[in-house]
Amino acid sequence: MVHWSAEEKQLITSVWGKVSVEQCGAEALARLLIVYPWTQRFFSDFGNLSSPTAIIGNPRVRAHGKKVLTSFGEAIKNLDNLKSTYSKLSELHCDKLHVDPENFRLLGDILVIVLAAHFGKDFTPACQATWQKLVGVVAHALARKYH
Amino acid sequence: MVLSPADKSNVKAVFGKIGGQAEEYGADALERMFATYPQTKTYFPHFDLGKGSAQVKGHGKKVAAALVEAVNNIDDLAGALSKLSDLHAQKLRVDPVNFKLLGQCFLVVVATRNPSLLTAEVHASLDKFLCAVGTVLTAKYR
């Protein structure tokens with residue numbers, strides 16, 4: 001089980017409290033599709049993904065980004081129980097969605113950058129370290145049921 | 001992975017904006033890398049890695065200077081970084097995975113210090129550039 005110090009928990013909840021899940025989620029997913037265009041392979045039915053502008057404005061991208069980040073919020077509420085929190089989602093991503101777990105790591109890195117841009121200097125090295133740990137742990141939990 | 005003319009232009013714009021602060025960006029990126037990925041500290045047992053370390057600042061300056069040199073010779077990264085590539089292959093032998101980690105931290109530094117500069121397109125270009133630099137630096141490893 002992953003151990004979270006009191007400081008880490010504080011850094012997670014204080015950042016999360018100031019995040020717009022809708023905006024941040026939309027931005028993170030859009031950037032994933034723009035910075036790593038091969039990730040678009042999972043979204044062929046999302047309509048127009050032909051340019052960064054199209055991706056950023058795409059309502060399905062925005063909605064799905066919000067969905068993904070809302071789920072991330074569940075992780076934050078269950079930091080001491082991530083394995084079971086994400087058990088079903090892990091099975092889903094393996095059996096139905098067929099998503100390479102590497103994509104979870106890519107999205108995690110993008111999320112950290114989106115947060116960094118949002119919080120500026122307040123996104124201290126300690127803050128970054130905590131959040132990189134969190135995205136890594138979430139990625140691991142999502143990959144756990146793969147077979 | 002090839003840098004398009006747009007990528008090159010985006011990267012030059014970023015470094016043009018960063019200007020003389022590149023050294024600070026370099027030091028900041030290293031500090032973040034050591035904090036976020038403690039395994040990277042294993043390459044610096046001879047350094048004081050405490051907060052505000054003069055050695056980390058000095059090394060950040062070196063790393064930044066190399067990136068600036070790469071940007072100024074963006075059409076020939078292999079040529080511009082050839083000596084550094086030799087150094088990393090023969091002497092330093094930093095595992096290739098670590099270049100991605102430093103790259104991530106550099107992107108975070110740009111994001112924290114210059115969020116408006118890091119549009120999605122610029123983010124993509126800068127990420128590609130940093131990957132390309134890492135590739136060149138590890139090209140002669142075997």
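Values below: all heavy atoms of this structure, side chains included; hydrogens, waters and symmetry mates excluded. Below, chain A is the first sequence line, B the second, and so on; all start at residue 1.
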Taking [Y] as the starting point, is it possible to reach [X] by hopping between hydrophobic residues whose side chains are less than 4.5 Å apart?
X: L82(A); Y: L11(A); answer: no
X: L92(B); Y: V97(B); answer: no
X: F104(A); Y: V112(A); answer: yes
X: L97(A); Y: W38(A); answer: yes
X: V15(A); Y: V2(A); answer: yes

### Task
Starting from the C-alpha separation in whole Å, work towards a yes-or-no answer on side-chain contact (heavy atoms from CB on, under 4.5 Å) for I113(A) and H123(B).
CA-CA 9 Å; I113(A) 290 169; H123(B) 178 169; 3.6 Å; yes
Could you pull out all donor-acceptor pairs under 3.5 Å where a side-chain atom in residues 112-120 of chain B meets a protein atom, sequence neighbours excluded?
| residue | atom | partner | partner atom | Å |
| --- | --- | --- | --- | --- |
| T112(B) | OG1 | V108(B) | O | 3.3 |
| T112(B) | OG1 | V109(B) | O | 2.9 |
| R113(B) | NE | D28(B) | OD2 | 3.0 |
| R113(B) | NH1 | E24(B) | OE1 | 3.0 |
| R113(B) | NH2 | D28(B) | OD2 | 3.4 |
| N114(B) | ND2 | Y25(B) | OH | 3.2 |
| T119(B) | OG1 | V122(B) | N | 3.2 |

Would you mind checking which part of [X] comes under 4.5 Å of any heavy atom in chain B, side chain (CB onward), backbone (N, CA, C, O), both or neither?
X: F119(A); result: neither
X: T124(A); result: backbone
X: L115(A); result: neither

Is it the case that more than 12 heavy atoms not belonging to [X] sit under 6.0 Å from its [atom1] atom?
X: Q23(A); atom1: CD; result: no
X: E22(A); atom1: CD; result: no
X: K140(B); atom1: NZ; result: yes
X: H140(A); atom1: NE2; result: no
X: K100(B); atom1: NZ; result: no
X: K66(A); atom1: NZ; result: no

Roughly how far, to the nearest 0.5 Å, is the [atom2] atom of [Y] from the [atom1] atom of [X]?
X: D109(A); Y: C105(B); atom1: CG; atom2: SG; result: 9.0 Å
X: E121(B); Y: I55(A); atom1: CD; atom2: CD1; result: 9.5 Å
X: Q104(B); Y: I110(A); atom1: CD; atom2: CD1; result: 8.0 Å

### Message
If the condition is side-chain contact (heavy atoms from CB on, under 4.5 Å), which residues does T138(B) pass it with, not counting sequence neighbours?
### Response
P96(B), F99(B), Y141(B)
### Query
chain A contacts: which residues in residues 30-57 of chain B have a non-hydrogen atom closer than 4.5 Å to it?
E31(B), R32(B), A35(B), T36(B), Y37(B)
### Query
What are the residues of residues 59-91 of chain B, in order of number, with any heavy atom under 4.5 angstrom from a heavy atom of chain A?
none
## Note on the structure
Pair count under 4.5 Å, heavy atoms only, with chain B: among I34(A), D122(A), V35(A), highest is V35(A)
